[in-house]
Amino acid sequence: MKKLFIETLGCAMNVRDSEHMIAELNQKEPYELTEELSEADLIIINTCSVREKPVAKLFSEIGVFNKRKKEGAKIGVAGCTASHLGKDIIKRAPSVDFVIGARNVSKITQVVDKKHAVEVDTDFDESTYAFGEYRTNPFKAMVNISIGCDKSCTFCIVPATRGDEISIPSDLLVQEITKAVNTGAKEVMLLGQNVNNYGRRFGGTDEKMDFTGLLRKISKIDGLERIRFTSPHPLHMDDAFIEEFASNPKICKQIHVPLQSGSTELLKAMKRGYTKENFINRCEKIRALCPEATISSDIIVGFPGESDADFADTMDVLEKVRFEQLFSFKYSPRPHTEAAEFEAQIDNTLSGARLTKLQARHTEILDEIMDAQLGTVHHVYFDELKSNGRVSGRSDDGKLVFVEGSEELLGQIVPVKIVKTSRGALDGVLI
Ligand code: 5AD
Ligand code: SF4
């Protein structure tokens, strides 16, 4: 059997795109996955281009892979960097055999045997394409509910790499999730660049359905016990959505609310569509209706024009909302984005100092939050067996929890009492 080495960088959409490519390849010819590059017949790098660093790393990685690969093995570049650099990748690195964009993964079997094939059309509509089935984790399914992104955040390259937003018809989603449930998944993660903009436009149907309606429809699926989704946009968090989130028992009480900046002025320059006050108001509403929910966020520091006062606003939102999880980044100018042309680019040392301050304060908050978990009870969905006689899973609110146990726990949702805490995970005992 041929062997496939696939490296997946970036977000959950990329993880799902990799699963789709594996499924499609297997329909043509079975592949065994390998983590040993030198054994692989096919090497795919599924790239991210949201920040500059991983893109720069790509070309050195291609060089290393080309030296270490076995004779005749093929190298393909997929994902967002494939979309935005296209055939230039092959010009710069002729050892690359094919390039396949983030919105063209259904074409993987067409390009894999075609020397120097390039498929990077960002208008391609694969929203109703019936992908083969493959999932990395048998207990959890990831399902795309939309492709592309219709926003125009001035820092973000994604609309240029993944194209316009198209929602996938809800009946197809119900079919796909039902299939996953029938093959052992009790949990689904709904994926999209902007999940709560669902229903803005469908490919090939005139269905009327918004994200709240979709959540209600999906939660009727028998045997499905947990629903997660990523990422929602704060602008589309209306009251009906937050009420559904809080009251629907199948929806896990973990929500990503990407802030980006706490400064209303910078949010305007970013074209995010909300103010500092709107953002805090939405988080307060979530906390009021659903006090057990955890809120995570993304923050960019050093966006062009960011003053000390703008950064202080970001710190202020952190104090007010106390995000349970925070992904924070230094602003990175990207091609095809408006902000890359803005004049007041911020000095790297200053951005670095702000990032350090933000992360240090968040770490203190996180330590307080995790310490407070001692003695609490969580319902944990166990999905991974560790080598040291331990089993891990996620609580409803998304925390990583370990207990002593064996494979009998896998696929079970079980109450656990927390006996030890740390910054990244909790240890518990079954009760
Ligand atoms: N620079 C830094 N961070 C960025 N992100 C998106 N574009 C950029 C950029 N140009 C971050 C945002 C987004 C997350 C996925 O990546 O915070 O929510
Ligand atoms: Fe980028 Fe904004 Fe789309 Fe998220 S919603 S991917 S930040 S453009």
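Order of listing sets the numbers, starting from 1, for every ligand and every atom in it. Values reported hereafter were calculated over all heavy atoms of this structure, with side chains retained and with hydrogens, waters and symmetry mates removed.
- Atoms of ligand 1 found under 4.0 Å from any heavy atom of Ile300 (numbered from 1 in listed order, with element): 3 (N), 4 (C), 5 (N), 12 (C), 17 (O).
- When each atom of ligand 1 is checked for a heavy atom of Asp298 under 4.0 Å away, the hits are 13 (C), 14 (C), 15 (C), 17 (O), 18 (O).
- In summary, the atoms of ligand 1 found under 4.0 Å from a heavy atom of Arg334, numbered by their order in the structure, are 10 (N).
- Near Gln260, with a cut-off below 4.0 Å to any heavy atom, the atoms of ligand 1 are 12 (C), 13 (C), 17 (O), 18 (O).
- Atoms of ligand 1 found under 4.0 Å from any heavy atom of Phe329, numbered from 1 in the order shown, are 3 (N), 11 (C), 14 (C), 16 (O), 17 (O).
- Ligand 1 has a nitrogen or oxygen under 3.5 angstrom from a nitrogen or oxygen of Phe155.
- Taking only nitrogen or oxygen atoms, main chain and side chain alike, Tyr331 does not reach within less than 3.5 Å of ligand 1.
- Note that the CG atom of Asp396 and the CD atom of Glu292 stand 7.5 Å from one another [nearest 0.5 Å].
- Short contacts between ligand 1 and Arg51, defined as distances under 4.0 Å to a heavy atom of the residue, involve ligand atoms 1 (N), 2 (C), 3 (N), 4 (C), 5 (N), 11 (C), 16 (O).
- Taking 4.5 Å as the limit, some side-chain heavy atom of Ile108 sits within range of a side-chain heavy atom of Phe98.
- The closest approach between any non-hydrogen atom of Lys330 and ligand 1 is below 4.0 Å.
- Partner of Ile413 under the side-chain contact (heavy atoms from CB on, under 4.5 Å) criterion, out of Tyr381, Phe139, Phe382: Tyr381 alone.
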Report task. Please test Arg394 against Glu187 for salt bridge (Lys or Arg N to Asp or Glu O under 4.0 Å), starting from the C-alpha separation and ending with a verdict. Result -> CA-CA 11 Å; Arg394 294 271 165 187; Glu187 180 177 310; over 6 Å; no
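- Between Phe131 and Tyr129, the gap from one ring centroid to the other is short of 6.0 Å.
- Note on ring orientation: taking the six-membered ring where Trp is involved, the planes of Phe211 and Phe229 are perpendicular (angle over 60°, cut-offs 30° and 60°).
- Looking at Ser127 and Asp125, their side chains do bring a donor and an acceptor atom within 3.5 Å of each other.
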